[in-house]
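For reference, the structure is listed below as structure tokens.
All figures in this text were calculated on a predicted structure; none of them were measured in a lab. Letters go in sequence order (proteins before strands), and every chain restarts at 1.
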Number of protein chains: 2
Amino acid sequence: MNLKELATKLGLSPTTVSRALNGYPEVNETTREKVLAAARRYNYQPNTRAIRLATGRALAVGHVIPVATRHEIVNPIFADFIAGAGEVYSRNGYDMVLSVVPDDQEEQTYRALKTRGTVDGVIVHAPRLNDPRIPLLNDIGLPFVVHGRATGTTLPYSWVDVNNRRAFQRAAEFLLDLGHSRIGLVNGLEFMDFAIRRRTGYLDALSARGIAPDPQLMFQDQMTELAGFSAARAMLALAVPPTGFLVASMISGMGVRRAVESLGLVVGRDVSIIIHDDELSYLPNGGEVPLFTATRSSVREAGRLSAEMLLSLIARQGSGPQEHLLEAELIIGQSTGPAPRKD
Amino acid sequence: MNLKELATKLGLSPTTVSRALNGYPEVNETTREKVLAAARRYNYQPNTRAIRLATGRALAVGHVIPVATRHEIVNPIFADFIAGAGEVYSRNGYDMVLSVVPDDQEEQTYRALKTRGTVDGVIVHAPRLNDPRIPLLNDIGLPFVVHGRATGTTLPYSWVDVNNRRAFQRAAEFLLDLGHSRIGLVNGLEFMDFAIRRRTGYLDALSARGIAPDPQLMFQDQMTELAGFSAARAMLALAVPPTGFLVASMISGMGVRRAVESLGLVVGRDVSIIIHDDELSYLPNGGEVPLFTATRSSVREAGRLSAEMLLSLIARQGSGPQEHLLEAELIIGQSTGPAPRKD
DNA sequence: GTGAAAGCGCTAACAT
DNA sequence: ATGTTAGCGCTTTCAC
């Protein structure tokens with residue numbers, strides 16, 4: 001059933017039916033009712049392909065995932081973000097187009113997305129320092145919203161971010177309040193914007209207490225189990241080992257936990273671990289570990305907000321770049337003071 | 001630059017230009033050269049929206065992810081599969097449309113995908129026993145390929161699957177050959193088709209050696225770190241604990257490893273662990289654990305094969321359902337015989 | 001308030 | 001081998 005057939009059945013022109021369906025004000029209300037009833041009755045579904053051609057809009061939003069950072073797709077953050085964004089898209093009749101491309105083809109992909117009219121806008125994930133995608137997208141005129149921020153970028157742009165600096169600052173303060181003074185930082189790679197901010201928050205908390213940061217307690221690496229394990233083992237082998245850990249991700253947090261336990265230490269008694277972005281969909285920790293988390297809902301919320309922001313940019317309802325900073329929720333599980341010195 | 005403009009510049013009709021560009025045989029080769037050169041020169045990019053409307057094809061493939069199984073998206077398997085499939089799609093000018101929907105809207109989503117003409121076909125992920133999606137898609141006439149198989153389904157359908165039964169059988173045989181006789185199975189939820197097949201492989205290996213399965217050594221649960229930890233702890237607390245483990249996923253495998261180490265046991269000396277789908281993108285295990293894996297490349301390969309199969313179904317090149325069974329690669333790291341009894 | 005007609009940028013008969 | 005002519009199913013002026 002297409003528009004023309006529906007119009008014929010109603011004894012109306014396609015124009016009027018179209019207007020009635022799309023909420024144009026000039027349609028007689030009784031006519032509109034009839035049209036809507038018939039559309040429902042015949043299960044009329046407009047052909048998206050025709051709408052796209054006629055309007056020149058793609059009715060789709062792109063998410064480009066370079067394969068080099070493919071692990072991003074297995075990041076629980078990504079999954080929850082996508083779930084939140086997907087909700088908004090489908091509510092607005094938009095599709096989500098996922099492009100998984102070799103990282104040397106990222107620029108080319110964005111250009112093709114624009115010139116072929118595949119999407120009306122894109123979400124930029126995992127921004128890095130001076131991220132080249134921002135000037136690129138600006139240049140080719142493809143509307144975009146960044147999930148996170150790109151330190152070093154001078155151009156204005158729209159973004160939605162969790163307050164990573166504040167999150168790590170509060171987590172560190174929490175450990176400091178418990179009496180910990182040697183706190184190990186197990187961070188992600190510090191060319192990622194969020195990792196920089198997290199380190200800053202950690203340092204801010206230390207400096208507010210007049211504690212000088214110890215480079216031996218600050219690790220950055222991929223957020224894998226093995227990297228977390230290695231970092232924690234190295235720190236625990238120090239002459240004066242840390243009694244608390246601040247970890248950037250659930251996955252590396254599991255490595256840290258294993259490192260601690262493999263030395264016969266007990267988490268929550270001898271050592272406190274605070275994991276960022278804990279308690280996400282597929283990795284419940286069973287409430288065993290003192291927690292700090294951005295919480296699942298806030299990441300979903302970030303997805304929703306980003307998607308809404310992008311759709312409003314596409315509709316040009318927005319005036320200039322929009323920005324939104326979400327606060328992370330501090331969730332406390334068991335907690336413990338510093339471990340007794342064993343000397 | 002559109003087709004008409006390009007044709008005018010060349011002094012040809014749009015038809016000829018279209019034919020030249022699309023490789024139709026009736027075009028004069030010198031004409032074709034000229035057209036291709038001009039297209040490159042003016043950076044002509046055909047408007048996908050117009051092609052879609054004119055041909056009635058969506059040039060897109062759908063992947064529907066119900067939010068209830070949202071963890072599927074954070075599954076390394078999913079990421080590698082998507083990477084492989086995405087490669088094929090982009091090589092063929094197809095888009096990948098991802099729909100993340102509440103699980104009670106799954107059927108409705110497939111119907112809408114069909115009636116609105118959003119996609120030409122779909123990939124079905126994570127099939128369950130008697131999966132209702134297969135009759136549904138058959139019913140609405142949307143071409144599909146299943147990644148995995150759905151035991152209990154009577155309708156013929158196309159699929160690509162890893163030989164899970166054989167994989168677990170070989171892994172169990174490997175442990176049996178080392179002298180292990182008490183082998184714990186840490187499986188995924190056994191309403192998932194792949195989990196059923198894995199259990200079958202495990203049981204086949206035991207029965208071939210005349211070993212009766214012990215229900216206390218067979219666990220099924222979500223494939224999370226905590227579930228792996230709990231299952232392994234429970235088994236290790238038995239009067240006669242297992243000396244080997246067969247684990248369904250990297251994530252639960254980390255829980256099993258932690259459980260083992262938390263008891264002061266050493267992996268590779270006291271206990272052997274074999275993890276399926278290990279060594280995927282973001283979870284290197286550092287070669288510490290005896291490995292068994294479907295390997296990253298085979299999952300990517302499954303993605304590629306599924307995508308190719310689907311595109312061929314869409315083009316109706318295929319005659320009847322196609323099937324493809326991939327063998328998993330057995331990768332051996334350190335290995336060990338059974339732990340000495342400590343009584 | 002409704003309709004006729006043109007057009008979005010291609011493809012695909014049907015000529016020639 | 002190339003061109004002419006209709007569409008694909010909508011939206012959108014422009015008339016009435």
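- In this structure, L21(A) atom CG and dT12(D) atom P are separated by 14 Å, rounded to whole Å.
- Contact annotation: T15(B) side-chain N/O to dT2(D) OP1/OP2 distance is not under 4.0 Å.
- Using a 4.0 Å cutoff to heavy atoms of chain B, the contacted part of DNA chain C runs 5' to 3' from dG9(C) to dA13(C).
- Ring geometry for F81(B) against H147(B) counts as parallel: the plane angle stays under 30°, on a 0 to 90° scale with 60° as the upper cut.
- Both K4(A) and T30(B) lie near DNA chain D, and the one whose nearest nucleotide falls closer to the 5' end is T30(B).
- For the pair N2(A) CG and dT11(D) C1', the interatomic distance rounds to 14 Å; values are reported in whole Å.
- In the displayed structure, R91(B) atom CZ is contacted under 6.0 Å by more than 12 heavy atoms of other residues, nucleotides or ligands.
- Checking S312(B) against Q322(B) by side-chain atom types alone, a donor-acceptor pair falls below 3.5 Å.
- Inspection of the S18(B) and T15(B) side chains reveals no N or O donor paired with an N or O acceptor under 3.5 Å.
- Rounded to an integer number of Å, the gap from CG of L3(B) to P of dG3(D) is 12 Å.
- Rounding to the nearest 0.5 Å places CG of D95(A) at 7.0 Å from OG1 of T48(A).
- No side-chain donor-acceptor contact under 3.5 Å links R149(B) to the backbone of D161(B).
- Side chains of S99(B) and I65(B) form no contact here, defined as non-hydrogen atoms less than 4.5 Å apart.
- Remark: the backbone N or O of R128(B) is paired with a side-chain donor or acceptor of D131(B) at under 3.5 angstrom.
- Applying a 4.0 Å cut-off to non-hydrogen atoms, the residues of residues 47-56 of chain A that approach DNA chain C are L53(A), A54(A), listed by residue number.
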